[in-house]
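Here's the structure, in structure tokens; my notes come after.
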Amino acid sequence: MAHVIRSICIVGGGTAGWLAAGIIAARHRSQDGQPAMGQGVQITLIESDTIGTIGVGEGTWPTMRTTLKKMGVSETDFFRECNTSFKQGAKFARWVTGDPTDFYYHPLVLPEGFPSLDLASAWMEYSAKREDAPSFSNAVSYQEAVCELGLAPKLITSPEYAGVANYAYHLDAGRFVTFIRDHCVNRLGVHHVVDDVTRVVRSETGDIAYLETSKSGRLDGDLFIDCSGFRSLLLGETMGVPFVDCSDVLFIDRALAVQVPYAAENTDIVPHTVSTAQKHGWIWDIGLQSRRGVGYVFSSSHTTADAALGELQAYIGEQHRALQPREIKIHAGHRQTFWKGNCVAVGLAGGFLEPLEASALVLIELSADMIGGMLPATCEMMHILAKRFNETTQYRWDRIIDFLKLHYILSKREDSRFWIDNRDPASIPDSLKDQIELWRYRAPGDQDFTSNAEMFPAASYQYVLFGMGFRMVTSHQQPQRPAGAIEQAFARNESLKVKWTKTLPNNRTLINKIKEFGLQKI
Amino acid sequence: MRLVELSRAEHSGLRIDSHLAEAAAAKQHLIPIVASEFRKAATQYPIVFAKSPETGRFAAFVLNGLQPQENLFWSGTKLDTAYVPLNIRRGPFFVGTGESSGGANDNVLCIDVESPCLSAAGQKSIVDPDGSDSQYLREILAILRELLDGQEPTSSLINTALSLDLLCPIVLDIVLEDGKPLQVEGLYSIDEARFRALGKEQVEMLWNERLMEPIYSVIISTGQIFNLVRLRNEREALSRAWRDTGK
């Protein structure tokens, strides 16, 4: 008799645990929100009230819009409860030459006409001839102009989760956990246990049989999801899956994080993440409603914590005197496999990379969505699910690592060993070296990214490559057809730029309006 | 526009041409209405919902044209329709919230002293020779009263429709007789299929809250869009004929 997977036990009540619970529960709930008798899955989440959460990840991808919508969360409530603000991509400052004026954008709006038109090659030819050519992102997308003016990506009349320009969020991780937890418990029927896991008991097959807790007795489950954070209690400690270190590729291993209050209540909220390269790493700067989240991630083998603190203080300015940064150790890397037996890791328990492209939350969303999408299934077929999950997840980690490394190898900074070592060919994955070779003759396109588990669209590679001054040989390019299509696309972008920079509201003004009036669902 | 509080003493000499009030609608494709008007409005216009550009909140309107600033009922001198909405008929009068009389929420009758309706040749005045309110002013006060009293039921209707998931965006995808395509966006109506699928309890609630009549008015009124298309086609034909004879 086949044993259908009915009960899922999640260990850990941080962002990963509650997001996973919400995503899977929303996929398998019946109409009234409760799993019907004999159908669906029952989800139990156990969290300790003695272990804190890391609570840093504050940048999302646009995927979070769909994730929250599917969970039945109101975007208005999300703005009211989580200190939420809009994120329209990232501005990378001082990454190329290190000059104060050096910056480029990785916006979320795709290049005009992408992917059927290749504006990248046309821009490359034009910019080779003209000194005054606009930056790549400015030439092909209107979002940089919107960001530079501090505007929001939508209007108060835009429905929830719909935008004029593509957008993601900045959020307060601590408040977000509480918000999602309440939704999971009250609306999605997730069973919540506050207790400590005292022992993980395995069966003869090596699977996890049950958890022993200090007050709540034993917790059973067909599938156990490890969301225990860096500790990796189930997958790492119990199942013995080793950690694969990536610090030979990505050197960052420390973070100094701090919360910086605004000068005034109505100070503008920057509508994108700002990442400013430093001597031995980079500083993230994320504007929420009531404060900024700022942090310096650096390589401890290239500098000392004291020197890094000095750089962070110089970035923050006079305000730093009242602030006490928190130091977080980062181990760049991931588990060798992500699903073993009846245990799968989601979030930090599966691995972590520096937050350069906000990959932490999106990986949680994708992993949980994949687990949810694999059900219904039986325990007997779990090894097939595990194999698929591992292949896809490994692929995703590899692509993220490649994409993060791309930012470093294109830098021309010479001001420290950190930047020079980052360009050492021995530190660059072969997959990335191969791609770079191909892109010397043609722009990144969908032909380079053929998996349905792709992380970054080819457009993202274009924004980073050409934003960082990568030069492509264009003399072998075929002329573009149909004639005029390229010029029309550039012109369309210019008129969109005029239209939206005139129409879109100031970022804080819109956020205040959302809090006051709410967004409509339709 | 410059609103001042109406004073029966100070403004007793004002002469008002109430017909000119309709000119204010000449370039409005959306005119706000309240729930008590739905039944009458439905005989002339499509009743639609649209969001305020300031707050994003829904309000009810009659649709007068197929693009912004177009009013197909405006003949050049008047609105050629059997029902003129209260918001037009109230002429140059408005309700302001007063500071003068103490309480911040007090409603104050105001007049737009820059309105084109104020004209020495006007037939109407606000007070009779004996100093009492004129019949005209009493009508205006009744209109303003109905508009004020209508705010709460109208937003309650909208909120109920939203909570029952009954509002849906409508995109008018029109091809005019001369082949010109026309798209009208940003308008919402009642989704008839969802309305019909409501459960017994919800229907009973709508009945008890007296919301059935306005909802049916909205549903029936959507057919008036054909009338707008007809008026627009006539207008286009007229301007074509005008151009052709000019040649």
Side-chain angles (χ1 to χ4, degrees), chain A residues 26 29-33 65 68-80 84-86 151-165 167 186-187 266 289 492 495-496 499-522, chain B residues 28-30 32 46-61 63 67-69 97 151-152 154-173 183-195 197-202 215 218-219 222:
Chain A
R29 77 185 144 166
S30 56
Q31 290 221 315
D32 55 2
R65 285 154 61 190
L68 295 179
K69 195 177 180 185
K70 280 190 195 161
M71 281 169 60
V73 167
S74 141
E75 192 179 32
T76 303
D77 291 346
F78 174 51
F79 270 90
R80 286 176 179 158
T84 310
S85 64
F86 292 110
L151 306 180
K154 65 192 286 181
L155 307 164
I156 190 67
T157 50
S158 311
E160 288 199 334
Y161 299 115
V164 166
Y167 68 87
N186 300 329
R187 306 281 293 279
N266 58 355
Q289 291 172 24
R492 212 158 45 236
S495 62
L496 285 172
K499 178 178 178 184
W500 293 124
T501 51
K502 264 200 288 191
T503 320
L504 289 170
N506 171 276
N507 195 33
R508 185 182 286 280
T509 306
L510 181 66
I511 291 169
N512 285 345
K513 273 195 181 180
I514 292 172
K515 290 172 79 178
E516 185 179 356
F517 302 113
L519 291 165
Q520 302 289 342
K521 295 215 160 33
I522 50 169
Chain B
Q28 286 187 50
H29 77 306
L30 288 171
I47 298 170
V48 296
F49 302 94
K51 290 175 189 170
S52 150
E54 290 307 312
T55 67
R57 293 205 170 144
F58 281 105
F61 299 88
L63 184 64
Q67 60 192 49
Q69 302 202 324
T97 34
Q151 280 175 3
E152 201 279 320
T154 310
S155 53
S156 153
L157 164 72
I158 289 169
N159 290 336
T160 306
L162 282 171
S163 69
L164 294 175
D165 220 9
L166 291 181
L167 287 199
C168 64
I170 42 173
V171 178
L172 303 182
D173 224 332
Q183 266 207 351
V184 192
E185 284 172 342
L187 305 180
Y188 297 76
S189 187
I190 301 274
D191 186 314
E192 224 177 309
R194 283 190 216 150
F195 173 62
L198 289 180
K200 210 173 162 186
E201 271 176 39
Q202 294 161 323
I215 287 174
V218 173
I219 291 173
T222 49

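First the proteins, then the strands, lettered A, B, ... as listed; each starts at 1. Because the structure is a prediction, the values reported are computed rather than measured.
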Q) Non-hydrogen atoms of chain B under 4.5 Å away: do they reach the side chain of A/Leu155, the backbone, both or neither? A)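 Nothing of A/Leu155, per the 4.5 Å heavy-atom cut-off to chain B.
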
(Q) If I measure from the heavy atoms of chain B, does A/Pro505 come under 4.5 Å with its side chain, its backbone, both, or neither? (A)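 Contact with chain B involves no heavy atom of A/Pro505 at all.
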
Nearest 0.5 Å, please: how far is [atom2] in [Y] from [atom1] in [X]?
{"X": "B/Tyr188", "Y": "A/Gln520", "atom1": "OH", "atom2": "CD", "answer": "8.0 Å"}
{"X": "A/Lys513", "Y": "B/Arg57", "atom1": "NZ", "atom2": "CZ", "answer": "11.5 Å"}
{"X": "B/Thr55", "Y": "A/Leu519", "atom1": "OG1", "atom2": "CG", "answer": "11.0 Å"}

Q.
Using every non-hydrogen atom in the two residues, find where B/Leu162 and A/Ile522 come nearest and quote the distance to one decimal.
A.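 Looking at all heavy atoms of both residues, the shortest contact is CD2-CD1, 4.2 Å.
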
(Q) Are there over 12 heavy-atom neighbours, none belonging to B/Gln67, within less than 6.0 Å of that residue's CD? (A) yes

